[in-house]
Protein chains: 2
Amino acid sequence: MLHDHDMDAVFQALGNASRRRMLDIVKQQPGIVVGALASEFDVSRIAVMKHLAVLEEANLLVSEKDGRARRLYFNAVPIQMIHERWTTEYSAYWAGQLTRIKYIAETRHRDNESVGKQRK
Amino acid sequence: MLHDHDMDAVFQALGNASRRRMLDIVKQQPGIVVGALASEFDVSRIAVMKHLAVLEEANLLVSEKDGRARRLYFNAVPIQMIHERWTTEYSAYWAGQLTRIKYIAETRHRDNESVGKQRK
DNA sequence: AAAATACGTAACCGTTTAGTTACATGTTAC
DNA sequence: GTAACATGTAACTAAACGGTTACGTATTTT
C-alpha cells in the first residue's frame with residue numbers, strides 16, 4: 001500500500017516533463033549511465049543529477065554503481081500501485097458520472113462562458 | 001491528447017495530499033460550496049482556495065457560481081487521459097520487465113545493501 | 001437599509017525547487 | 001603514477017509553493 005507521503009513523491013516526481021522524459025529514456029535503455037543520460041538534456045549534469053535524486057526518492061528509478069559510473073534502471077512498481085488505486089477508485093466514477101461532466105460543459109456554454117472565463 | 005504542460009499541471013496538482021483529499025470530497029459531494037469544503041481542512045480558507053485554483057488550472061475541478069456561493073465539481077477527464085497513456089505506454093513494460101526489477105532487488109541484497117544505502 | 005455571509009484580492013513570509021558554478025573524490029587508461 | 005574521466009558535494013540564486021492576515025466585493029437575510 002502507498003502512503004500519502006509516497007504518493008506525494010511519485011506525483012511530484014512525475015509533475016515535470018524533463019523527469020518524465022528521463023524515465024522514458026531509462027525505461028528504453030536500462031543500465032544507461034548518468035553522463036549519457038545527461039547529454040540528452042540541455043541543462044547541466046548537476047541539474048540532471050538532482051532530477052535523478054527526485055526520481056530515486058520516489059522509487060521510480062533504481063541505481064547501481066558500476067566502477068566509476070552509475071547505472072540507472074526504471075522501476076514501475078510505484079506507478080503500478082497508483083494505477084491500481086486509480087482504477088479501483090475512479091473506474092466506477094468514470095462509468096457513472098460522465099453525464100454530469102457533460103451537463104456542466106453544456107451549462108457553461110448556455111451561460112455564455114460565465115464559468116469558463118473563471119478558469120485559467 | 002494531453003500536452004507536456006497539461007500533464008505537468010495534473011501531476012503537480014495530484015502531488016499534494018490535501019488536494020487529493022479535496023478531489024475525493026468534491027467527487028463524493030458534487031456541488032459542494034467552497035466554504036463547506038474549506039471547513040473540512042485545518043488551514044485557512046484562503047489556503048484552500050489556492051489549492052482549488054491549482055486543481056482548476058489542472059482541469060481536475062470545474063466550478064460554477066451560484067449566488068454568492070461557488071459550487072465545485074470533479075472532472076475525471078484529465079485523469080482518464082493520463083490513465084489511457086499510462087496503460088498503453090507502460091502495460092507492456094509491466095508484463096515484461098519486472099524480472100529485471102527483481103534481479104536488481106536481489107543484487108542489492110547480495111551486495112549487502114551497498115546500493116540501497118545510497119537511496120534516500 | 002443594515003448586517004451577516006460567501007467569496008475574492010493583495011501583500012507578505014519562510015521553505016522548497018530548479019538551476020548555476022566551483023571544487024572534490026574515486027576509477028580507469030596510458 | 002599521472003592524466004583523463006564519471007560522478008559527487010557545496011554554496012549560491014531566482015522563482016514557485018504553501019501558508020498567513022487584512023481588506024474588498026457581491027449577495028442574502030432580517
Side-chain angles (χ1 to χ4, degrees), chain A residues 4-5 7-23 26 29 31-58 60-73 111 114-115 117-120, chain B residues 4-5 8-23 26 29 31-58 60-73 111 114-120:
Chain A
D4 265 2
H5 178 265
M7 288 186 84
D8 284 4
V10 175
F11 280 122
Q12 281 169 212
L14 292 173
N16 177 288
S18 299
R19 283 196 291 262
R20 286 195 302 276
R21 192 150 79 81
M22 289 178 195
L23 271 191
V26 173
Q29 305 176 47
I32 189 174
V33 301
V34 174
L37 179 69
S39 73
E40 305 248 16
F41 294 82
D42 51 358
V43 295
S44 74
R45 179 182 55 89
I46 316 297
V48 171
M49 290 208 313
K50 287 191 182 182
H51 282 305
L52 291 177
V54 172
L55 290 166
E56 284 204 61
E57 284 287 327
L60 289 162
L61 283 187
V62 180
S63 73
E64 182 185 24
K65 211 54 187 294
D66 177 17
R68 65 185 162 185
R70 199 171 112 227
R71 304 201 166 276
L72 303 167
Y73 303 93
D111 289 350
S114 64
V115 175
K117 277 173 186 159
Q118 282 180 245
R119 300 213 328 277
K120 168 109 213 293
Chain B
D4 266 3
H5 178 265
D8 284 4
V10 175
F11 281 123
Q12 279 169 216
L14 292 173
N16 177 288
S18 298
R19 284 196 290 263
R20 286 195 301 277
R21 191 150 79 82
M22 288 179 196
L23 271 191
V26 173
Q29 304 176 49
I32 189 173
V33 302
V34 174
L37 178 70
S39 72
E40 305 248 17
F41 294 82
D42 51 358
V43 295
S44 75
R45 178 182 55 89
I46 315 298
V48 171
M49 290 209 312
K50 287 191 181 181
H51 282 305
L52 291 177
V54 172
L55 290 166
E56 285 203 60
E57 285 287 329
L60 289 162
L61 283 188
V62 180
S63 74
E64 181 184 26
K65 213 48 189 294
D66 177 15
R68 66 184 161 186
R70 199 171 114 226
R71 304 201 166 276
L72 304 167
Y73 303 94
D111 289 349
S114 64
V115 175
K117 275 173 186 161
Q118 283 180 244
R119 301 213 328 276
K120 168 110 208 300

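Each chain gets a letter, A, B and so on, in the order its sequence line appears, and its residues count up from 1.
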Does any residue of residues 11-20 of chain A have a heavy atom under 4.0 Å from DNA chain D, and if so, which ones, in number order?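 DNA chain D contact set from residues 11-20 of chain A: none.
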For B:Val54, report the nucleic acid contact type (base, sugar-phosphate, nothing); a contact means any heavy atom under 4.0 Å.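 Since no nucleic acid heavy atom lies under 4.0 Å of B:Val54, the category is nothing.
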What is the separation between atom [atom1] on [X] and atom [atom2] on [N], rounded to the nearest whole Å?
{"X": "B:Ile46", "N": "C:dC7", "atom1": "CD1", "atom2": "C1'", "value": "8 Å"}
{"X": "B:Leu72", "N": "C:dA6", "atom1": "CG", "atom2": "P", "value": "14 Å"}
{"X": "B:Lys50", "N": "C:dA10", "atom1": "NZ", "atom2": "P", "value": "12 Å"}
{"X": "B:Leu37", "N": "C:dA6", "atom1": "CG", "atom2": "C1'", "value": "14 Å"}
{"X": "A:Met49", "N": "C:dC23", "atom1": "CE", "atom2": "C1'", "value": "13 Å"}
{"X": "A:Leu52", "N": "C:dG19", "atom1": "CG", "atom2": "C1'", "value": "15 Å"}
{"X": "A:Arg21", "N": "C:dA18", "atom1": "CZ", "atom2": "C1'", "value": "16 Å"}
{"X": "A:Arg70", "N": "D:dT9", "atom1": "CZ", "atom2": "C1'", "value": "13 Å"}

Do B:Leu60 and B:Leu14 have side chains that approach each other closer than 4.5 Å (heavy atoms only, starting at C-beta)?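 The answer is yes; the side chains approach within 4.5 Å.
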Between B:Arg20 and A:Asp8, is any pair of side-chain heavy atoms under 4.5 Å apart?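 Counting from C-beta outward, B:Arg20 and A:Asp8 do come under 4.5 Å.
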Nearest 0.5 angstrom please: [X] [atom1] to [Y] [atom2], how far?
{"X": "B:Leu23", "Y": "B:Leu55", "atom1": "CG", "atom2": "CG", "value": "5.0 Å"}
{"X": "A:Asp4", "Y": "B:Arg21", "atom1": "CG", "atom2": "CZ", "value": "9.5 Å"}
{"X": "A:Glu64", "Y": "A:Arg70", "atom1": "CD", "atom2": "CZ", "value": "11.0 Å"}

How would you summarise protein contacts on nucleotides 24-30 of chain C per nucleotide, using B for base, S for sugar-phosphate only and - for none, with heavy-atom distances below 4.0 Å? --BBB--
Listed by chain and number, what are the side chain to side chain donor-acceptor pair (under 3.5 Å) partners of A:Asn16, not counting sequence neighbours?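 Once residues adjacent in sequence are excluded, A:Asn16 has no partner under the side chain to side chain donor-acceptor pair (under 3.5 Å) criterion.
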What residues form a side chain to side chain contact (heavy atoms under 4.5 Å, CB included) with A:Val54, not counting sequence neighbours?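 For A:Val54, the residues satisfying side chain to side chain contact (heavy atoms under 4.5 Å, CB included) (neighbours in sequence not counted) are A:Ala13, A:Arg19.
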Distance check: side-chain N/O of A:Ser44 vs OP1/OP2 of C:dG19, anything under 4.0 Å?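 No, A:Ser44 has no side-chain N/O under 4.0 Å of OP1/OP2 on C:dG19.
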Under 4.0 Å between a side-chain N/O of A:His51 and OP1 or OP2 of C:dT17, yes or no?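 A:His51 to C:dT17 OP1/OP2: no side-chain N or O under 4.0 Å.
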Which atom pairs, donor and acceptor, lie under 3.5 Å between side-chain atoms of residues 37-48 of chain A and protein residues at least two apart or in another chain?
{"from": "A:Ser39", "atom 1": "OG", "to": "A:Ala36", "atom 2": "O", "distance (Å)": "2.7"}
{"from": "A:Ser44", "atom 1": "OG", "to": "A:Ile46", "atom 2": "N", "distance (Å)": "3.4"}
{"from": "A:Ser44", "atom 1": "OG", "to": "A:Ala47", "atom 2": "N", "distance (Å)": "3.1"}

Listed partners of B:Arg71 passing salt bridge (Lys or Arg N to Asp or Glu O under 4.0 Å), at least two apart: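 For B:Arg71 the salt bridge (Lys or Arg N to Asp or Glu O under 4.0 Å) partners, ignoring immediate neighbours, are B:Asp66.
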Of A:Val43 and B:Val33, whose nearest nucleotide on DNA chain C comes first from the 5' end?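 Residue closer to the 5' terminus by nearest nucleotide: B:Val33.
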